[in-house]
Amino acid sequence: MEKIGAYLQITMKIKADDRAAASKVYFDWREPFLKHEPGAMYKHLLVRDEDIQVLHGFDTKEHAEAYLKSEMFTRHVAPGLSPYFQADPEIRIFEVADK
């Protein structure tokens with residue numbers, strides 16, 4: 001089984017009233033992401049009172065970075081979510097440190 005080499009974390013401030021619509025974007029694009037994005041291993045939606053976070057697992061940092069420039073992200077996912085943002089999303093990429 002392939003190991004996760006990098007995480008892409010996107011944290012968004014979205015009003016409670018808009019969360020169902022924003023979650024629909026996540027669910028609409030989850031399966032295409034997992035099937036077609038190079039290196040994609042998983043995608044989870046995490047919900048807290050103060051924000052929503054999408055955590056992506058990739059095989060490499062390079063694939064995580066490439067996703068942010070992909071057609072799926074730039075033409076579909078980001079534009080689908082942006083009407084619900086209360087602030088700019090926080091985007092971070094973490095590499096897994098293996099000994």
Side-chain angles (χ1 to χ4, degrees):
M1 185 164 138
E2 236 179 301
K3 291 173 64 176
I4 292 174
Y7 292 92
L8 167 62
Q9 176 188 58
I10 303 175
T11 304
M12 301 160 281
K13 294 218 180 266
I14 296 176
K15 290 189 285 187
D17 292 347
D18 292 333
R19 287 187 176 191
S23 294
K24 183 179 181 329
V25 175
Y26 166 83
F27 288 110
D28 286 350
W29 289 99
R30 183 177 186 273
E31 197 63 33
F33 168 82
L34 293 171
K35 284 185 178 179
H36 303 292
E37 250 341 282
M41 300 179 74
Y42 79 80
K43 185 175 186 175
H44 295 293
L45 179 65
L46 309 172
V47 180
R48 303 187 305 172
D49 288 341
E50 59 271 19
D51 57 34
I52 291 178
Q53 185 178 101
V54 180
L55 188 61
H56 310 71
F58 286 90
D59 59 352
T60 66
K61 177 183 175 187
E62 291 76 22
H63 280 143
E65 291 169 339
Y67 172 63
L68 293 173
K69 297 173 187 166
S70 73
E71 182 174 336
M72 182 183 300
F73 185 78
T74 62
R75 296 196 63 203
H76 302 288
V77 176
L81 290 169
S82 64
Y84 308 112
F85 294 160
Q86 291 182 285
D88 288 340
E90 185 178 324
I91 300 173
R92 295 180 180 188
I93 295 176
F94 300 90
E95 274 189 286
V96 175
D98 285 330
K99 290 187 177 188

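Fair warning: this is a prediction, and the values are worked out from it, not measured in the lab.
- Going from atom OG1 of T11 over to atom CD of E50 covers 10.0 Å, rounded to the nearest 0.5 Å.
- When the side chains of ILVMFWY residues are joined at heavy-atom separations under 4.5 Å, either directly or via intervening members, W29 and L45 end up in a single hydrophobic cluster.
- By the criterion of side-chain heavy atoms lying less than 4.5 angstrom apart, applied directly or through intervening Ile, Leu, Val, Met, Phe, Trp or Tyr residues, I4 is not grouped with L8; the two fall into different hydrophobic clusters.
- For residues 13-27, the set of pairs meeting the side-chain hydrogen bond (donor to acceptor under 3.5 Å, both in side chains) definition, not counting sequence neighbours, comprises K24-D28, Y26-R30.
- Considering only heavy atoms from C-beta on, I93 comes within 4.5 Å of L68 through its side chain.
- How far CD of E90 is from CD of Q9: 6.5 Å, rounded to the nearest 0.5 Å.
- Grouping the Ile, Leu, Val, Met, Phe, Trp and Tyr side chains by contacts below 4.5 angstrom, directly or via other members, places Y7 apart from F73.
- To the nearest 0.5 Å, atom NE2 of residue H76 and atom CD of residue E71 are 5.0 Å apart.
- Ring planes of F58 and Y67: tilted class, angle from 30 to 60°.
- The hydrophobic cluster containing V54 also contains Y84, counting ILVMFWY residues as joined when their side-chain heavy atoms lie under 4.5 angstrom apart, directly or transitively.
- Placement of L46 and F27 in two distinct hydrophobic clusters is found when ILVMFWY residues are connected by side-chain heavy-atom separations under 4.5 Å, directly or transitively.
- Expressed to the nearest 0.5 Å, how far NE2 of H36 lies from CE of M72 amounts to 6.5 Å.
- Summarising the geometry of M12 relative to P89, their closest heavy-atom pair is CG-CB, 3.9 Å, with the distance given to 0.1 Å.
- Atom CG of residue L34 and atom NE2 of residue H56 lie 9.0 Å apart, to the nearest 0.5 angstrom.
- For the atom pair K61 NZ and H63 NE2, the distance stands at 14.0 Å (nearest 0.5 Å).
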